[in-house]
Every structure is written in structure tokens, then in C-alpha cells.
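One-based numbering, in listed order, for ligands and for the atoms of each.
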Amino acid sequence: MRLKIISSIYQNFPKESRIVRIDFEGPKIAVYVENPDVVNQEIVKKVAKEIKKRIELKASEKVRKDPKEASEIIKAIVPPEAQIVDIKFDTDLGEVLIKAKKPGLVIGKGGTLLQKIFAETKWKPVIVREPPIKSRTIDNILSYIYSETEDRAKNLRTFGERIHRDVIYKSGNVRVIGLGAFQEVGRSAVLVETPNSRVLLDAGLNPSVGWGEDLFPKFDLDDLRLDELDAVIVTHAHLDHCGMVPYLFKYGYDGPVYVTEPTRDIMALMQLDSLDVAEKDGRPLPYSAKEVRKQLTHTITLDYGEITDVAPDIKITFYNAGHILGSAMVHLYIQDGRVNLLYTGDFKYARTRLLDRAADELSAPRLDAVIMETTYGATDQQSREEAESLLVETVKRTVERGGKVLIPVLAVGRGQEIMLVLNDLMKRKAIPEVPVYITGMVDEITNIHNAYPEMLSREVRDEILKKDENPFLSEHFNRIEGYREDIAQGEPSIILA
Ligand SMILES: [Zn+2]
């Protein structure tokens with residue numbers, strides 16, 4: 001397979017491009033050349049199609065502009081309205097991270113500015129949105145990743161070599177083993193094995209168990225060796241699906257973690273927070289912040305719909321699961337399509353204000369098995385309309401009596417959904433316009449939502465990107481840290497905590 005890939009690249013790339021190196025960087029193949037100007041996108045596309053891999057054209061270090069000069073060139077190319085807030089260089093991967101408030105203006109129509117940046121600086125641009133209110137989490141994560149570029153590049157190349165190794169068995173049985181969340185709630189983990197490879201879908205903890213072996217999935221399975229896993233794939237950032245990923249790194253795993261970008265951010269925040277809480281409760285978790293950082297340098301982020309090789313005989317594709325920001329269902333395409341599996345993780349087919357409903361069309365030719373989450377599957381729940389009118393009544397009654405409405409919310413998803421509901425009700429004058437106080441964790445997670453508006457529901461996305469009316473920045477919302485006596489004793493208000 002490797003020989004085929006390399007010879008296809010050499011056959012199609014013009015000789016004058018002067019190939020210096022071909023690196024397997026995780027699932028992508030990076031071709032470093034001295035003269036990228038002579039390689040047009042058509043050539044790259046042709047090779048990608050021929051070998052069914054993702055190809056990235058990069059410039060060799062020798063021809064890249066000095067970072068200082070490159071920054072100046074970028075600032076000259078990008079219109080000031082884009083509001084660039086940070087530029088970081090990754091010399092090991094030849095990439096430049098450009099953080100801007102209006103990323104669309106950095107990309108340009110049809111990616112024209114990106115091409116221009118690459119042509120003039122020879123650095124491959126990676127664009128990130130800076131949310132209107134800074135997210136500490138995203139800032140810390142990006143700073144950390146860009147301070148560990150050597151480590152990350154080394155990891156990607158190790159993963160790449162492993163993914164593109166030659167296989168012995170072309171077919172053979174595929175085994176699915178439930179390590180957690182089967183006939184129980186919590187500690188989700190599913191092991192998928194082929195004769196060549198093994199991947200783990202989710203590694204959650206059981207939130208109802210404080211300590212002991214029921215906290216973990218059954219990683220003590222006889223022949224399961226963590227260092228032999230090819231990939232860990234995480235569907236979303238709730239701890240019952242991701243809470244034990246750092247633990248894997250502590251006990252021998254050294255491979256990639258595949259997630260969507262928001263899942264990477266929220267997952268790290270949730271893990272660090274749960275370490276804090278567990279410590280305070282006197283029941284420390286079996287890992288530390290060190291493993292959370294290790295997880296970050298081993299993370300590969302994927303978009304929905306992006307087909308990715310994670311093992312020599314397994315490709316995966318993420319689809320929107322409609323559950324929380326960044327949540328994904330995973331389609332596994334095994335042994336050239338001989339076996340197709342879908343693992344849903346937590347999913348939702350009803351629309352919410354915050355998110356579009358889960359994807360209902362896969363590009364899979366067929367599915368041989370579906371591993372489906374069923375918690376709440378058979379429960380009758382109050383309809384949205386009923387719940388909202390109950391909320392309206394409660395808020396009205398409480399405010400009229402001069403009281404405060406305390407709404408306890410989960411920081412991820414529910415908090416933002418309630419914010420959208422309250423903002424809409426106030427806009428329509430269905431409830432009195434009183435101040436709404438948002439506390440620490442809900443606030444920070446909302447900032448992360450604001451960094452990924454393209455992954456929110458169509459309505460919210462349009463409000464933010466087209467109308468420039470971000471509902472999360474509504475005048476009704478007030479951010480607070482810690483306890484505030486004046487709010488507790490003050491005028492009627494609504495508090496989300
Ligand atoms: Zn969940």
C-alpha cells in the first residue's frame with residue numbers, strides 16, 4: 001500500500017516541484033516540496049482520488065518565510081475587518097495558525113486568500129475562530145498544542161506509519177465487545193476488533209459510582225492490551241463517554257484520539273473539572289492533569305462527513321448526533337466495505353433550538369449492525385411546548401412575588417438551550433425582562449459554543465453569522481463569578497447555575 005501511495009505521488013507531481021519528503025501524518029499524507037508553486041490543486045486532487053487518501057501539499061522548511069516576515073505578509077493579505085488576534089507557527093508541520101474574529105474573511109471567497117497566504121509565505125494556514133468573549137479553555141488548549149509542536153508532529157508520524165502498515169488478513173470476523181454501558185447506564189466503551197486491528201469507541205466513567213471497579217469500563221478483559229489499540233474514538237464530551245480517556249494514557253495507550261474540534265475542547269474542560277471535584281470529595285480519579293495534556297498532543301480532530309483511515313482496514317466517518325455541541329455518530333467502514341457498523345453514541349432526532357437534529361442520511365452503502373444508545377428510549381417525556389409553558393408560568397409567578405428563579409442546568413447543552421429559550425421568551429414579552437445571571441462553567445461552555453457557530457442549529461447559526469445578532473450576547477445575560485450577596489438579596493432575577 002505504501003509503495004503504491006509513494007509511486008503515485010512521484011508519477012503525478014511535476015519534477016520541478018522537487019519532493020523533499022513524504023510523511024504519513026496521522027491519516028493524512030503530507031508531501032513536502034521545495035517548489036509548491038508548480039503543483040496545482042488538480043494534481044493534488046487526482047492523486048488523492050487515485051490512492052483514496054487525503055493529501056496535503058506543504059513547503060519544505062528551507063523555502064518557508066521567516067515567521068516574522070510571514071506574519072507581516074499575512075496581515076497585508078487579510079483585510080483588517082477579519083480582526084486577526086493571534087498568529088502561531090508550527091515549524092515541525094509547516095503550519096501557521098491564524099486566529100481571527102471573522103475567519104471567513106481570512107479564508108476569502110472559495111479559499112482564495114488561503115491559497116495566497118500559502119503561495120506567498122509557504123506556510124500552510126490553519127484558521128480558527130476567536131469567539132466574541134474569550135474562551136480560556138480554547139486559548140489554553142491551542143497554546144499548549146502549539147508549545148508542543150515537536151511532540152505532536154512525532155506522534156502524528158508514528159500514528160501515520162501504523163495506520164498505513166501492510167495487513168496480513170484481507171477479511172475475517174469482526175468482533176464487537178461491550179466493555180461498558182451494556183444493560184447499564186454510564187461508562188460507555190465498545191471494542192471493535194478485526195484480525196488486524198482494534199479500535200475503542202468511547203471510554204467513559206460511571207458517574208453514579210464514586211469509586212471502585214464499576215467506575216471504569218471493563219478494561220481488564222483477558223487479552224486487551226491498551227498499547228495495542230489502534231485508535232480511540234470519542235463521540236462526545238460527556239464524562240460517561242470520555243471521562244476515562246486520560247486513564248488509557250496513564251496505563252499504556254500512546255495512540256490517537258479522534259474527536260470533533262468542540263469535543264476536544266469541552267472534553268478537556270470536563271475532565272479537568274471532574275479531577276477538581278473528585279479531589280475535593282476526597283475520591284481522586286485514577287489520572288491527573290498530566291494525562292489530560294498528553295491526550296491533547298495525541299488528538300486528531302475531524303469534521304462531520306470526513307472519511308478517515310484509523311487503521312489499515314478501518315475507515316471512520318463522523319455524523320452529527322444532535323445531542324450536544326460536537327457530538328457525533330460514528331460509521332465504521334471495515335475491510336473495504338465488507339462490514340459496515342454504526343455506533344450512535346448519545347443522539348437526538350428531535351430538533352432543539354441549539355442544534356440541528358441528528359443526521360438521517362449516511363454515505364454508507366448499507367449497515368450490517370447498529371450499536372445504539374437507548375437510555376430514555378422508552379420513557380415518556382413532557383413535550384417541549386408543555387415544558388416551556390410551565391417555565392413561563394413559573395418565571396412570571398416568581399418574579400411577580402419579587403423572587404428569584406434558580407434554574408439548575410447541566411453546563412453543556414442544557415445551559416445554552418435554556419439561554420436561547422429565555423432570550424426568545426423575553427424578546428416576545430412572554431416573560432418579564434429581568435436580569436439573567438450566568439455562572440462560571442455555563443459561561444465558559446457558552447464561549448466555546450460561540451467559537452463553533454457553524455455547528456449550531458440553522459436558526460442560531462444564521463442569527464450569528466448572517467444577521468450578526470448573537471443570542472448568547474443578549475443584553476439580558478450577565479456573567480458572574482462565585483457567590484454574590486447583592487444578587488441573592490436584590491431585585492427579581494433568573495440565575496442559571
Ligand atoms: Zn451524553
Item to complete: Examine Arg264 relative to Tyr258 and say whether NZ or CZ is less than 6.0 Å from the centre of the six-membered ring and inside a 45° cone about the ring axis.
Response: no
Item to complete: Please determine if the Zn ion (ligand 1) has an N/O/S atom from Asp346 lying under 2.8 Å away.
Response: yes
Worksheet item: Under the criterion salt bridge (charged side-chain N to carboxylate O under 4.0 Å, His left out), which of Asp313, Asp230, Asp223, Asp227 is the partner of Arg198?
Response: Asp223
Discussion item. I need the minimum non-hydrogen distance between Pro195 and Gln335, along with the two atoms involved.
Written reply: CD-NE2, 3.8 Å
Worksheet, complete the sentence: In His323, the N/O/S atom nearest the Zn ion (ligand 1) carries the name NE2
Worksheet entry | Metal check, the Zn ion (ligand 1) vs His238 N/O/S, cut-off below 2.8 Å | yes
Worksheet item: Does the gap between the ring centers of Phe24 and His164 come in under 6.0 Å?
Response: yes
